[in-house]
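In what follows, every chain begins at residue 1, and chains take the letters A, B, ... in the order their sequences are listed.
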Amino acid sequence: MSYGGHDDHHHDHQHSHWGPHDWTHGHGGAPHNSWAPIMLAFGSSIFLLGFTKVFTQTWDDNADIWTYAIHSSQIGLLIAGLAIFFAGLTVFWRQDWSHDGSHEPKSEGTPFRTIDIRKVAVWMFLMSEMMVFSSLFSTYLRYRTGFDNCEALFESGLFVEGQQCWLPASYFIAEGGYHQEHAHAALGFMPDTLIPGAINTFALIISSYTIVLALKTAKDASLSDAERNSKVGKYLLSTLALATLFLIFKMVEWFIGFNVGHGEDALFHSPSLLADGFTIHASEYTYCHEWDHHGGEDHAGACAAGASAIFDIRMSASTFYVTTGTHGVHVFGGMVALFYMVIKAFRGGYTPQNAVSIEYFGLYWHFVDLVWVLVFPAFYLY
Amino acid sequence: MGEHGHDGHHTILGFDRYKFNFWILMIFTAIEVVAVALTFSMRDAVSMGTVVFILVAVGIVKGVGIAAIFMHLQGDDDSRVLTATALFPVFFIVVMVLFIGLTHPDAADTLPDWCRPGFYT
Amino acid sequence: MTTIGNILTGVTRRPTSEYGIWSWLTTIDHKRIGILYGVTAFVFFLLGGIEAYIMRLQLSQSNLALVSPELYNQLFTMHGTTMIFLAAMPMIAGFANWIVPLQIGAQDLALPRLNALAFWLNPAAALLIFSGIFSGQGADTGWTGYAPYIVSHTAHSGATLWVAGQILLVASSTISGINFMTTFCTMRAPGMGWMQMPLFSWSMLIATLMLFISIPAFGIGLIQVLLDRTIGTVFYEVSAGGDPLLWSHLFWYFGHPEVYVVVLPAFGVISEVLSTSARRTIFGYKSMVFALAGIGIIGFIVYGHHMFTSGMSPLLRFVTMLTTMLVAVPTGIKIFNWLQTMHGGSLVYRTHTLWALGFLVTFTLGGISGMYFPAIAMDLHLHETYFVVAHFHYVFVGGIVFGLYSGLYYWFPKATGRMMNEKLGILHFMTGFISYNLIFWPMHRLGIQGMPRRQHTYFITTDEYFALPPETADWNMMITIAAFMFFASNLILVYNMIVSGLRGQRAPSDPWGGWSMEWMVTSPPPTPSHDPSNLPNLKFAPEWAEHDDGDPGFFGRMIEWMMIPEDDGGEEE
């Protein structure tokens with residue numbers, strides 16, 4: 001059989017050479033057992049159980065609306081689920097730790113012959129992820145084409161108070177410098193509200209490059225082991241740092257907002273989306289038609305009479321937060337994996353033989369970047 | 001490793017492939033952000049259609065750059081079969097976008113009557 | 001050996017015990033995982049049967065108050081969910097786990113630990129799905145979970161956990177799909193080209209491909225509903241502009257390929273069983289493969305037929321009407337090929353053969369009754385009636401369950417090393433087949449007469465608006481009695497499996513004279529399943545040598561253009 005020609009000296013027993021090997025077991029052999037699967041499964045289950053207990057909705061019969069509550073007292077179950085899940089993940093990676101790449105299984109048969117089996121597996125995974133994001137995009141497309149745009153609606157004059165309409169996220173972000181009460185554009189041509197998103201885009205692209213550099217360095221046989229792992233560790237750490245930056249800026253953008261300086265002479269002033277009222281519960285958003293600073297002067301204070309309306313913009317918010325949030329969850333997943341890889345690199349675990357595992361992660365990471373390439377213009381800019 | 005980098009594939013115009021791609025991505029992202037920002041400050045002069053065109057064009061360039069170069073879908077020995085794998089879901093995505101994304105009952109509001117569902121003479 | 005430190009080290013290091021409960025909880029061997037899937041699936045199958053039986057008791061007479069409407073709603077919801085997601089799919093996964101690596105000459109699946117994860121997500125999900133029932137607030141939305149009811153305040157609170165559990169099942173199916181696809185693409189034995197793969201493996205390949213491509217749509221819909229029901233997004237909140245049809249689209253985009261996902265493995269089993277029983281190769285192997293692929297692709301563009309009465313886009317209604325009619329063609333090709341296989345062969349009648357023959361009858365009938373639905377005018381009349389129930393039980397039970405029974409009797413000796421009792425098997429078949437038809441055949445008529453589904457009772461009236469004739473009550477009573485017989489017949493199977501497993505006659509490697517690779521190893525197979533230093537290869541089969549004419553066809557040329565050149569094989573670096 002043709003597993004890369006490395007099979008000659010391991011046929012003293014029945015074990016085959018597929019899957020990561022736990023070399024500390026003594027003689028070569030793929031793991032026969034693992035606690036990780038059952039821990040990961042039940043950890044997820046308990047986490048979801050906890051999630052539904054922490055975030056609840058109750059029907060208010062009198063007001064005929066849902067009321068939402070976050071029960072922080074119930075968070076124990078959620079934390080327990082996460083703990084079990086991450087313990088399972090630790091077991092999983094602990095078993096992979098000693099994988100030194102000398103038996104990376106390769107495919108037989110057409111048309112994937114000689115390609116690493118795990119690489120094929122990553123591409124299969126990416127196929128399913130493509131379907132995940134296309135479902136999210138289809139939802140967005142369906143609702144966006146089906147709703148009337150709030151601005152157009154206001155201008156037509158044919159609306160009722162509290163009507164549902166679509167205010168795209170770009171109204172708050174890309175146009176945020178022009179439509180909010182306290183508009184600000186420190187850089188002149190670009191509103192401050194677009195800055196976190198723009199930085200995030202650059203951050204992800206840079207992180208795609210640092211992971212490429214990590215892989216290149218890991219495969220570089222001309223370096224000493226220590227030097228190689230130190231460099232790989234630094235590149236992986238940069239990728240992790242950039243991913244963390246991405247999520248931090250996302251939180252800044254969504255919930256925190258950022259201000260540099262104070263009052264009238266503030267250098268940067270970017271209210272968060274939450275502060276601007278773009279939330280999933282915004283059933284009574286006050287849309288002000290006159291806060292439009294294109295080429296005009298700043299406004300402050302209340303909107304003029306007759307220039308505002310109350311609109312229900314929850315759907316646009318829901319699609320925005322869930323789609324970009326799903327992408328963010330994928331970034332977080334990548335961060336968890338990067339955390340493991342950084343530790344492994346700084347403990348000297350990467351050699352040119354097992355550098356392929358960085359490549360597998362890299363494929364996932366590039367995919368996450370690619371999705372952002374599609375999400376950013378579609379949700380932030382259009 | 002199915003791909004054993006032939007040296008000729010590692011450079012584009014004399015630059016390292018990945019570095020070249022990186023800078024292209026950075027430049028196009030800057031174009032994208034600036035274009036949109038400027039489009040909004042010059043709102044009356046530029047139409048939504050132009051905005052969409054720029055976004056789509058830049059998106060394609062960046063997407064292809066990431067897929068072909070960072071994800072090795074071009075230039076390696078295994079690129080063809082992996083590209084076929086990566087593009088396999090396109091049919092299903094198209095079906096989903098057509099059947100789910102573009103069939104909202106109110107999506108056809110602004111179309112002329114003869115182009116809307118349920119029009120019978 | 002018992003200090004905390006040793007225990008912890010034992011947990012994080014690889015447990016190596018072969019016996020005992022820990023070995024089952026931690027196993028990553030595909031054969032054991034197959035057993036785990038099979039046993040849990042069977043338990044849920046019986047549970048789902050009990051749920052159905054309670055429904056049948058309620059429906060045995062008109063206007064009975066055995067079960068409240070609220071409980072009835074929970075019962076049909078859980079019956080559908082249990083049977084499809086916790087019985088059928090895991091059972092198929094169990095068969096696939098067992099048989100696929102053996103058939104294609106691989107030692108295990110590509111990603112063994114993820115294989116185990118995909119299994120354990122099933123009981124973890126069942127925990128959530130069933131939890132609501134004990135509080136009396138189990139999901140009552142139907143297994144299809146239609147919006148906006150599923151996000152309304154009148155839906156039971158158990159719906160939230162039902163959705164959460166389903167999300168875990170989506171994850172399980174995705175992982176499973178990736179694993180199998182990778183295995184098929186990369187771990188076939190030397191000499192086994194695509195067109196030499198056994199038909200059960202082909203059916204599993206197409207099924208898993210369909211599964212993991214279609215299920216993310218369902219997953220996203222579920223996440224939307226979960227968020228709607230917890231943090232307050234408004235995807236399906238009508239007052240905020242939520243569109244219930246979005247759920248229907250996302251659900252059925254998955255839901256229709258899903259039903260092919262469950263039936264295709266049954267097709268695969270039947271191909272294996274009939275060819276072995278007829279003692280000849282399957283007729284028209286190539287067209288069988290293309291038919292499977294055709295069903296796989298067309299199955300994605302037909303789903304609108306579940307939504308004809310929903311107010312969906314008229315253009316899409318028209319398109320899916322035509323494509324639904326089209327999808328019958330590849331299925332019909334398969335049926336004709338099976339018939340020709342038997343006609344050109346010499347049939348040996350064993351239990352698995354009988355179930356395969358039963359399948360041919362009932363699945364064909366189910367397929368024919370299904371063909372009334374694409375005609376939208378007929379669908380408007382038949383939608384939500386017992387005609388639909390009859391149709392899908394004919395294809396689900398008469399198709400999938402019978403196919404899996406056939407597979408069970410066929411591969412039981414391989415898996416356990418013991419032969420099953422033939423007499424009990426024939427008794428199981430006779431009682432099961434007859435009682436099954438007594439249950440579901442009359443439902444066609446009841447449906448045409450207008451008896452609605454998902455309603456806890458029915459009324460015999462003579463007014464012109466809603467006239468169910470008096471014999472409706474007689475038919476329903478007979479159906480309930482037949483349901484009892486069918487349930488009892490399955491206990492014969494359980495008894496047979498237990499007794500044969502413990503004391504059955506020892507089975508040889510190849511009791512039936514099959515010639516695919518699983519018959520080349522011992523019963524039960526060793527671990528790893530095929531000796532890696534002596535992998536089976538197909539060069540011995542003379543008929544395959546004839547096919548190996550060296551000139552690839554169209555697809556062959558396309559594949560050759562795509563892949564890494566031959567001279568690089570195995571010698572890189």
Note to self: Counting only heavy atoms from other residues, nucleotides and ligands, does the tally under 6.0 Å from OH of C:Tyr146 exceed 12?
What the structure shows: yes

Notebook entry, point to check: For B:Phe91, does the CZ atom have more than 12 heavy-atom neighbours from other residues, nucleotides or ligands under 6.0 Å away?
Noted result: yes

Next item on the list: Identify which one of C:Leu245, C:Leu250, C:Leu316 satisfies the side-chain contact (heavy atoms from CB on, under 4.5 Å) criterion when paired with B:Ile100.
Entry: C:Leu250

Notebook entry, point to check: salt bridge (Lys or Arg N to Asp or Glu O under 4.0 Å): which pairs involve residues 53-66 of chain B, sequence neighbours left out?
Noted result: B:Glu32-B:Lys62

Next item on the list: Take B:Thr103 and C:Met312 through the test side-chain contact (heavy atoms from CB on, under 4.5 Å) and record every step on the way to the result.
Entry: CA-CA 8 Å; B:Thr103 57; C:Met312 62 184 280; over 6 Å; no

Item checked: Heavy-atom contact with chain B under 4.5 Å, split by part of C:Thr320 -> side chain

Check: Heavy atoms under 4.5 Å from chain B: which residues of residues 292-311 of chain C carry them?
Finding: C:Ile297, C:Phe300, C:Ile301, C:Tyr303

Check: Do you know which two heavy atoms are closest between C:Tyr253 and B:Met96, and how far apart they sit?
Finding: CE2-CE, 3.5 Å

Notebook entry, point to check: CG/B:Leu98 to CG/C:Leu315 distance, rounded to the nearest 0.5 angstrom?
Noted result: 10.0 Å

